[in-house]
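Okay, so here's the structure we're looking at.
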Amino acid sequence: MDNIDADDARQQILMRYGYDGQFMQNDCIYMSELASRRYLDNDRIDAIRWNDLFISWGVIIQSSLILLDGGTDLPTDDEVSLAAAGVVLSMLRQRGRPDVDLTIVPLAFFCGCHRLDQDGTVTKMAMTLLLSLLDFYNGFDVATLRECLEGMDERDFRSVLDAFGKLINRLPSNVLVSVVIEGLEVFTQPPERGLEMQEAMIRLIAIHAQGSQATLKFLFTHASRINPIRRSLFQDQVVTIPR
């Protein structure tokens with residue numbers, strides 16, 4: 001990245017790691033359309049939409065993290081997944097509005113779209129967050145990119161999330177980053193992936209806790225109340241939507 005400007009450096013990084021600029025958006029649209037084709041419980045949709053904690057997470061401009069818990073024994077939760085897709089689509093729409101003073105950076109990974117395919121890995125999730133950040137935010141200078149990404153191993157989710165955390169820490173106060181991870185329950189199997197996902201989520205919670213000048217909005221969804229990351233959260237960070 002020597003002797004090039006910051007934008008060229010970003011583009012080189014995105015090309016080097018094979019970044020697909022439509023990956024997140026396509027997953028978001030697919031998940032939204034998939035959920036809408038199934039039977040949905042409108043009472044549960046309203047319970048999510050009008051939940052006080054969920055509303056405040058969306059409208060108050062301050063850092064916050066919540067787990068949207070479906071409270072079900074089913075392997076998926078369409079109403080919760082639809083809510084996650086709605087949040088991401090809303091953030092994407094707000095990016096283009098001229099009356100929004102903040103630079104909005106919507107980051108997301110939909111585990112429910114990658115239950116069994118080659119993208120269904122924790123490392124792919126981590127790389128999607130990192131590369132989407134570089135795509136949506138163009139304010140990092142070359143020195144910051146070099147310092148934060150030097151030595152990163154793109155095959156190791158721990159290394160990738162370490163670099164991601166460093167970049168988040170360098171964001172200015174006029175940036176709002178939303179991180180939506182949908183369907184944590186999908187990545188609980190096989191067991192090796194489940195352990196990796198648990199560690200990755202703990203690392204993301206730590207990144208949020210370390211703080212940033214930027215506003216950090218993290219939203220995780222899980223179909224069941226039986227999930228390991230609840231132990232890492234405060235009670236007022238968990239929204240349970242019972243059936």
Side-chain angles (χ1 to χ4, degrees), residues 14 17-41 44-45 48 54 58 65-93 95 104-136 154-155 157 160-161 164 177-201 203-204 217-224 227-229 239 241:
L14 296 175
Y17 295 119
Y19 175 67
D20 178 358
Q22 296 302 309
F23 180 84
M24 179 185 73
Q25 292 92 324
N26 289 342
D27 277 1
C28 183
I29 293 169
Y30 174 81
M31 184 58 67
S32 181
E33 292 177 347
L34 180 66
S36 67
R37 290 196 297 268
R38 295 171 173 168
Y39 170 77
L40 296 176
D41 185 333
R44 295 190 79 236
I45 291 174
I48 297 169
F54 186 66
L65 181 155
I66 60 172
L67 169 68
L68 195 55
D69 174 354
T72 177
D73 294 327
L74 299 175
T76 58
D77 192 317
D78 292 334
E79 292 84 7
V80 169
S81 295
L82 186 62
V87 166
V88 179
L89 289 173
S90 175
M91 292 290 182
L92 288 168
R93 286 193 295 267
R95 274 183 59 80
I104 296 176
V105 180
L107 313 177
F109 189 84
F110 291 85
C111 302
C113 292
H114 305 288
R115 188 179 301 271
L116 298 172
D117 66 25
Q118 64 180 6
D119 293 321
T121 71
V122 177
T123 298
K124 177 64 177 181
M125 180 193 75
M127 284 296 291
T128 297
L129 297 180
L130 183 141
L131 295 177
S132 297
L133 174 59
L134 295 180
D135 182 22
F136 284 118
E154 72 275 15
R155 300 163 298 180
F157 74 89
V160 176
L161 289 178
F164 178 72
V177 178
S178 69
V179 174
V180 176
I181 309 295
E182 176 272 343
L184 302 183
E185 71 282 351
V186 174
F187 275 20
T188 58
Q189 296 295 327
E192 181 180 357
R193 184 170 68 174
L195 290 173
E196 289 183 350
M197 189 62 169
Q198 181 177 346
E199 182 179 348
M201 298 312 298
R203 286 173 178 268
L204 284 173
K217 296 280 192 178
F218 285 21
L219 170 66
F220 308 141
T221 79
H222 197 291
S224 171
N227 67 80
I229 73 164
V239 177
I241 309 296

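Quick note: residue numbers are just sequence positions, from 1.
To the nearest 0.5 Å, atoms CG (Leu67) and OG1 (Thr221) are separated by 8.0 Å. Atom CG of Leu130 and atom CZ of Phe157 lie 14.5 Å apart (nearest 0.5 Å). In this structure, Asp135 CG and Asp20 CG are separated by 10.0 Å, a value rounded to the nearest 0.5 Å. Here the CZ atom belonging to Phe187 is positioned 10.0 Å from the CD atom belonging to Glu196, to the nearest 0.5 angstrom.
The shortest distance between side-chain heavy atoms of Leu134 and Tyr19 does not fall below 4.5 Å. Residues Val87 and Phe54 form a side-chain contact, since some pair of their non-hydrogen atoms from C-beta on lies under 4.5 Å apart. Within the 4.5 Å cutoff, the side chain of Met197 has no heavy atoms near those of the Val186 side chain. Proximity of Leu131 to Phe23: side-chain heavy atoms (C-beta onward) are nowhere separated by under 4.5 Å. Counting heavy atoms from C-beta on, the side chains of Glu79 and Ile48 come closer than 4.5 Å. Here the side chains of Val122 and Arg193 are in contact, with some heavy-atom distance below 4.5 Å. Inter-residue side-chain proximity for Leu129 and Ile181 is flagged as met; some heavy-atom pair is nearer than 4.5 Å.
The two residues Met91 and Ser178 come nearest to each other via the heavy atoms CG-OG, 3.6 Å. Residues Glu185 and His222 share a closest heavy-atom pair of OE1-CA, 3.3 Å.
Proximity of a side-chain donor or acceptor of Glu182 to a complementary backbone N or O of Gly112 within less than 3.5 Å is detected.
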